[in-house]
Undergrad: 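This structure is in structure tokens; I'll ask about it shortly.
As the structure is a prediction and not an experimental result, all values here were calculated from the model. Below, chain A is the first sequence line, B the second, and so on; all start at residue 1.
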Protein chains: 2
Amino acid sequence: MGEGESSASLYFLQAGWACRFATTRGGKRQIAAIMLPGDACNLDALAFDRIGNGVQMLTSGRILAIPLPEAREMRACNPQMALAFSWLAFLEISIMAQWTMRRGLPARDRLLHFMCEASHRLDHGADAELRGNRSLEVPMTQEWLADVLGLTNVHVNRTVVQLRSEGVLASNTRRIVVPDVDVLRRSVAFDPAYLHPKEARATSFRSVFS
Amino acid sequence: MGEGESSASLYFLQAGWACRFATTRGGKRQIAAIMLPGDACNLDALAFDRIGNGVQMLTSGRILAIPLPEAREMRACNPQMALAFSWLAFLEISIMAQWTMRRGLPARDRLLHFMCEASHRLDHGADAELRGNRSLEVPMTQEWLADVLGLTNVHVNRTVVQLRSEGVLASNTRRIVVPDVDVLRRSVAFDPAYLHPKEARATSFRSVFS
DNA sequence: CGTTCATTTGAATCTTCTCAAACCGCGTGG
DNA sequence: CCACGCGGTTTGAGAAGATTCAAATGAACG
């Protein structure tokens, strides 16, 4: 799905990692959000004709597509569904506020904060396989990670090398690995409240879309 | 309204400037959004019990408060209203994505981009008085602006001084002034598409809340 | 094996921050 | 009327963090 296009369906990610991105005037790719199992890829299609962001898979995965008219129908006729949609939208807002905040942190904290977010989101996400894991695999090259964090790939690399020497990270090509999530979480200040982990992710909802 | 509190009402800004902010662990204030006439201040109260951000006025103004139960009632019983709420939420998402992106720009562009956003939003906002003005008054100290842009007040100042010497800005104490918005818009790459200016801001909506 | 993509390293440079001090405008109380 | 304090702006100098450009190394895949 390219930037500025209009999409015919609403997409829900059921397995795998994906991201939403924009390309700046300077030709640089800016990743605006990452999607994990259970997340919607292009909720805004419900409201706007033209989508601001492109969407791309980071891994192989499974996607559920709901034709837009059908999705709008669901929203209009089923109040539970409408609530679930808007709950997802507000969660996105909450997460994006943190992404803005994160941009103010130094590179090391920025990277660790992102890893923490990912691990918490997987813990509460739709893919039961991924919940409560001791370790975390982030299926991104350092270059993609740089676009997520708003850093250069070079600087991300220096930071990764550093964190590896501290034992917080491991990495092979195309993957950043957190061997022990507990160690990660102790190494940076992270308050998962903004992910609203406790509040039911509209339970009826998960059973439908995940 | 403080951070982490729960709010009893939904607040709509009818006149004046306000902002949503969070305080970081380091005690620094991070402004997550600014609200202009016609904007909702705490839409997320519709979904979450505890609000992540504090809300504060930047100027005197006028606020419309709708008790939460009543707002939820409106959403549930009036499909038009529900659509309007969610349209506002998606607009917020779109704007916040740009705020993240903006953090990747150098200070000068960051500042100008923000000014452009403000001028466009005022042009399409609820306060008719403010529409189509040749000049723009941003009622913020450089220190607040720094918190918006994620810069230090010192660096904002240097940037302001520079832009003033170029004739793009003027400023007296407590106010940044753009004498000529056209000059501003020519001085930085800015695409207002993300503000979805064309799409009706749920017209029925504006008449109710503005 | 050669090609391509990703990671790593170095050196120079740039942007922004920090700390510190001076300055200015404005209102308050002496 | 003046002295003072306060919040906001301005300036300087040094340091930290991140970028750029360039090149070397490594891993995977046909």
Undergrad: Measure the distance from CG on Leu151(A) to C1' on dG17(D) and round it to the nearest whole Å.
TA: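 After rounding, the gap between these two atoms is 10 Å.
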
Undergrad: Mind checking Gly104(B) for me? I need base, sugar-phosphate or nothing, with any heavy atom below 4.0 Å counting as a touch.
TA: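 Nothing: the residue Gly104(B), judged by heavy atoms under 4.0 Å, touches no strand.
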
Undergrad: Using 30° and 60° as the class limits, which term best fits the ring planes of Phe190(A) and His113(A): parallel, tilted or perpendicular?
TA: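 Phe190(A) vs His113(A) ring planes: perpendicular.
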
Undergrad: Figure out the CZ/C1' separation between Arg103(A) and dT19(D), and round it to whole Å.
TA: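 In whole Å, dT19(D) C1' lies 14 Å from Arg103(A) CZ.
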
Undergrad: Return no unless some side-chain N or O of Gln142(B) is found under 4.0 Å from OP1 or OP2 of dT10(D).
TA: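 Yes, because at least one side-chain N or O of Gln142(B) sits under 4.0 Å from OP1 or OP2 of dT10(D).
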
Undergrad: In this structure, how many angstroms lie between the P atom of dG17(D) and the CZ atom of Arg110(A), rounded?
TA: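 It works out to 12 Å between those atoms.
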
Undergrad: Please report the shortest heavy-atom distance between Ala45(B) and Ser7(B), naming the atom on each side.
TA: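 The pair with the smallest heavy-atom distance is CB-OG, 3.5 Å.
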
Undergrad: Could you give the CD-to-C1' distance, from Gln162(A) to dG17(D), as a whole number of Å?
TA: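 Gln162(A) atom CD is separated from dG17(D) atom C1' by 14 Å.
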
Undergrad: Between the axis at one end of the helix from dC1(C)-dG30(D) to dG30(C)-dC1(D) and the axis at the other (five pairs apiece), what's the angle to 10 degrees?
TA: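 That helix has its two terminal axes inclined by roughly 30°.
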
Undergrad: What is the distance, to the nearest angstrom, from the CG atom on Asn157(A) to the P atom on dA18(D)?
TA: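 So the two atoms are 14 Å apart, to the nearest Å.
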
Undergrad: What integer distance in Å separates Arg108(A):CZ from dA16(D):C1'?
TA: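 Value for this atom pair: 16 Å.
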
Undergrad: Is there a donor-acceptor pair closer than 3.5 Å between any side-chain N or O of Thr59(A) and the backbone N or O of Trp17(A)?
TA: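 Yes, the answer is positive, given that a donor and an acceptor are paired below the 3.5 Å cut-off.
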
Undergrad: Specify the residue among Arg158(A) and Asn172(A) whose closest nucleotide of DNA chain C lies further upstream toward the 5′ end.
TA: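 In this pair, the answer is Asn172(A).
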
Undergrad: Using modelled atom types and a 3.5 Å cut-off, is there a donor and acceptor pairing between side-chain atoms of Asn42(B) and backbone atoms of Leu10(B)?
TA: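 Not at all, since once roles are kept as given, no pair shorter than 3.5 Å links the two residues.
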
Undergrad: Heavy atoms under 4.0 Å, any strand shown: does Val154(A) hit a base, just sugar-phosphate, or nothing?
TA: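 Base contact.
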
Undergrad: Quick check on side chain to side chain contact (heavy atoms under 4.5 Å, CB included): which of Ile176(B), Leu130(B), Val181(B), Val177(B) does Leu136(B) satisfy it with?
TA: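 The single option meeting the side chain to side chain contact (heavy atoms under 4.5 Å, CB included) with Leu136(B) is Val181(B).
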
Undergrad: Would you mind classifying the nucleic acid contact of Arg175(B) as base, sugar-phosphate or nothing, using non-hydrogen atoms under 4.0 angstrom?
TA: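 No contact.
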
Undergrad: Please give me the minimum heavy-atom distance between Ala15(A) and Met57(A), naming the atom from each residue.
TA: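 Smallest heavy-atom distance, with atoms named: O-CE, 4.2 Å.
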
Undergrad: Parallel, tilted or perpendicular: which one describes the rings of Phe48(A) and His196(B), with boundaries at 30° and 60°?
TA: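 Phe48(A) and His196(B): parallel rings.
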
Undergrad: Anything under 4.0 Å to a heavy atom of chain B counts; send over the first and last such nucleotide of DNA chain C, read 5' to 3'.
TA: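 For DNA chain C, the relevant span reads dT16(C) to dC19(C).
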
Undergrad: Taking for each residue the nucleotide of DNA chain D bearing the nearest heavy atom, is the 5' side occupied by Thr159(A) or by Arg174(A)?
TA: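 Of the two residues, Thr159(A) wins.
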
Undergrad: Could you give the CG-to-C1' distance, from Leu111(A) to dA18(D), as a whole number of Å?
TA: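 About 14 Å, once rounded to whole Å.
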
Undergrad: Compare all side-chain heavy atoms of Tyr194(A) with those of Glu117(A) and state whether any distance is below 4.5 angstrom.
TA: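 The answer is yes, as the side chains (C-beta and beyond) meet within the 4.5 Å cut-off.
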
Undergrad: Check whether Asp109(A) reaches the backbone of Pro106(A) with its side chain - one donor and one acceptor, N or O, closer than 3.5 Å.
TA: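 The answer is no, because no donor-acceptor pair under 3.5 Å joins these two groups.
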
Undergrad: Rounding to an integer number of Å, can you tell me how far Glu143(B) CD sits from dG8(D) C1'?
TA: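 Glu143(B) atom CD is separated from dG8(D) atom C1' by 7 Å.
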
